Amino acid sequence: MKTLLKKYFGYDNFRPMQEDIINNVLAKKDTFVLMPTGGGKSICYQLPALKLEGLTLVISPLISLMKDQVDNLKANGVAAEYINSTLSNEEINDIQKRVSKKEIKLLYVAPERFALGDFKEFLKSIEISLIAIDEAHCISEWGHDFRPEYRNLKFLKTTFPNVPIIALTATATNRVRDDIILHLSLGGASVFFSSFNRENLNLRVLKKKDSVNQIVKMLKDYKNESAIIYCFSRKDCENIAIYLKKSGFKALPYHAGLKPEIRKHNQELFISDEVNIIVATIAFGMGIDKPDVRLVVHHTFPKTLEGYYQEIGRAGRDGLSSDCILFYSY
């Protein structure tokens with residue numbers, strides 16, 4: 001497995017727990033993984049996918065997350081594709097034909113796709129070796145990113161009883177964990193917990209006074225480094241992005257009010273380092289696999305502690321020292 005790890009992902013050694021999780025998956029056992037953002041969850045199903053005979057089906061909640069992961073896999077020489085609403089029927093048909101011919105190892109889909117009877121029938125016609133459910137906390141009403149479509153995934157265990165399932169999340173209380181295991185019928189799953197202490201993240205809390213100018217001063221210390229600034233409202237995102245541009249920084253907004261093609265374009269510019277600052281609502285971030293984010297700023301208090309943990313998890317995924325700033329006001 002280390003040979004594959006080096007060849008496709010460039011790592012010499014596994015991170016804590018990764019090898020145990022991968023061995024459990026290759027033994028065709030159901031698996032539940034609670035691992036911090038940046039801990040290397042994706043490799044826990046991407047690496048077994050290369051070893052297993054058939055297709056690894058990955059359920060992912062966001063179009064941006066799918067694109068990001070598939071682009072990275074393709075860049076590493078792994079045959080991966082996604083099917084979602086951004087593709088035409090012709091493109092989807094072409095991908096399904098390639099899956100049938102075993103030309104694709106990993107296929108990413110959104111949970112909404114399973115509402116289509118034709119797609120379910122297609123899945124029954126191919127060899128699936130592993131089902132990975134990423135951001136599994138979305139299945140729980142007690143989670144901070146609840147997605148009703150994730151509830152429909154309970155059919156997977158009954159439809160594919162002999163296919164192992166791996167469910168992964170970075171944020172789950174005991175209540176959410178139990179909810180995930182219940183609704184995916186993973187009662188017999190092996191459960192893996194990793195430490196949530198990210199020692200390379202430096203957390204600071206500052207009083208919210210003249211905060212935008214405080215951010216400008218901070219960014220001068222991070223010249224050309226990647227940074228994410230989280231805001232509560234779309235208006236704040238737009239205004240702060242404009243102010244930063246006027247102050248000489250390369251900054252773009254990201255929020256649900258922008259057209260999908262603009263959001264996609266802004267994300268791509270950020271991932272490719274053509275723009276180094278994104279000013280975003282929480283619509284941005286889940287699964288964004290950019291390793292060198294050096295600064296995450298919360299201009300507004302996050303809604304939940306789990307949400308805060310997930311969002312600061314964008315920082316320092318390469319293991320290097322990174323700063324997380326939270327502004328507060330009474």
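Side-chain atoms are counted along with the backbone in the values below, which use heavy atoms only and exclude waters and symmetry mates. Quantities reported herein were computed from a predicted structural model and do not represent experimental measurements.
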> Nearest 0.5 Å, what's the CG-CD1 distance between L219 and I277?
Replying inline: 4.5 Å
> What is the ring orientation for H298 with Y308, classed by angle as parallel under 30°, tilted 30 to 60°, or perpendicular over 60°?
Replying inline: tilted
>> So for atom CG, which belongs to D118, do other residues, nucleotides or ligands contribute more than 12 heavy atoms lying within a distance under 6.0 Å?
In response: no
> Between the side chains of S60 and Q69, does any donor sit under 3.5 Å from an acceptor?
Replying inline: no
>> Please determine whether side-chain contact (heavy atoms from CB on, under 4.5 Å) holds for the pair I131 and L153, giving the CA-CA distance in whole Å, both sets of side-chain angles, and the decisive distance to 0.1 Å.
In response: CA-CA 11 Å; I131 297 169; L153 300 181; over 6 Å; no
> Shortest non-hydrogen contact from T31 to A189?
Replying inline: N-CB, 4.0 Å
> Using the ring of each side chain (for Trp, its six-membered ring), is F119 parallel, tilted or perpendicular to F122, with breaks at 30° and 60°?
Replying inline: tilted
> Does the side chain of L252 reach to within under 4.5 Å of the side chain of H265, using non-hydrogen atoms?
Replying inline: no
>> Grouping I, L, V, M, F, W and Y whenever their side-chain heavy atoms are under 4.5 Å apart, do Y309 and L168 come out in a common cluster?
In response: yes
> Knowing that exactly one of I128, L123, I126 qualifies, which makes a side-chain contact (heavy atoms from CB on, under 4.5 Å) with V99?
Replying inline: I126
> Is E261 atom CD crowded by more than 12 heavy atoms from other residues, nucleotides or ligands, each under 6.0 Å away?
Replying inline: yes
> Where do N13 and K2 come nearest, in terms of heavy atoms and distance?
Replying inline: OD1-NZ, 3.2 Å
> In terms of hydrophobic clustering (I, L, V, M, F, W, Y; side-chain heavy atoms under 4.5 Å; direct or indirect links), are F9 and L130 co-clustered?
Replying inline: yes
> Taking side chain as C-beta onward, heavy atoms only, is K102 less than 4.5 Å from E53?
Replying inline: yes
>> Using a strict threshold of under 4.0 Å (side-chain N to carboxylate O), is an ion pair present between D292 and K290?
In response: yes
>> If I take atom CG from residue L73 and atom CG from residue D68, how far apart are they, to the nearest 0.5 angstrom?
In response: 10.0 Å
> With a 3.5 Å cut-off and no angle check, do the side chains of T281 and H255 form a donor-acceptor pair?
Replying inline: no
>> If hydrophobic clusters are built by linking Ile, Leu, Val, Met, Phe, Trp and Tyr wherever their side-chain heavy atoms come under 4.5 Å apart, do L295 and V293 end up in the same one?
In response: no
>> Same cluster or not: I22 versus I166, using hydrophobic residues (I, L, V, M, F, W, Y) connected whenever any side-chain heavy atoms lie under 4.5 Å apart?
In response: yes
>> So, applying side-chain contact (heavy atoms from CB on, under 4.5 Å) with E81, which one of K74, E103, M66, K105 is it?
In response: K74
> Would you find more than 12 non-hydrogen atoms of other residues, nucleotides or ligands less than 6.0 Å from F301 atom CZ?
Replying inline: no
> Are a donor atom and an acceptor atom from the side chains of D71 and Y82 found within less than 3.5 Å of each other?
Replying inline: no
>> Under a 4.0 Å threshold between the charged nitrogen and the carboxylate oxygen, would K124 count as salt-bridged to E121?
In response: yes
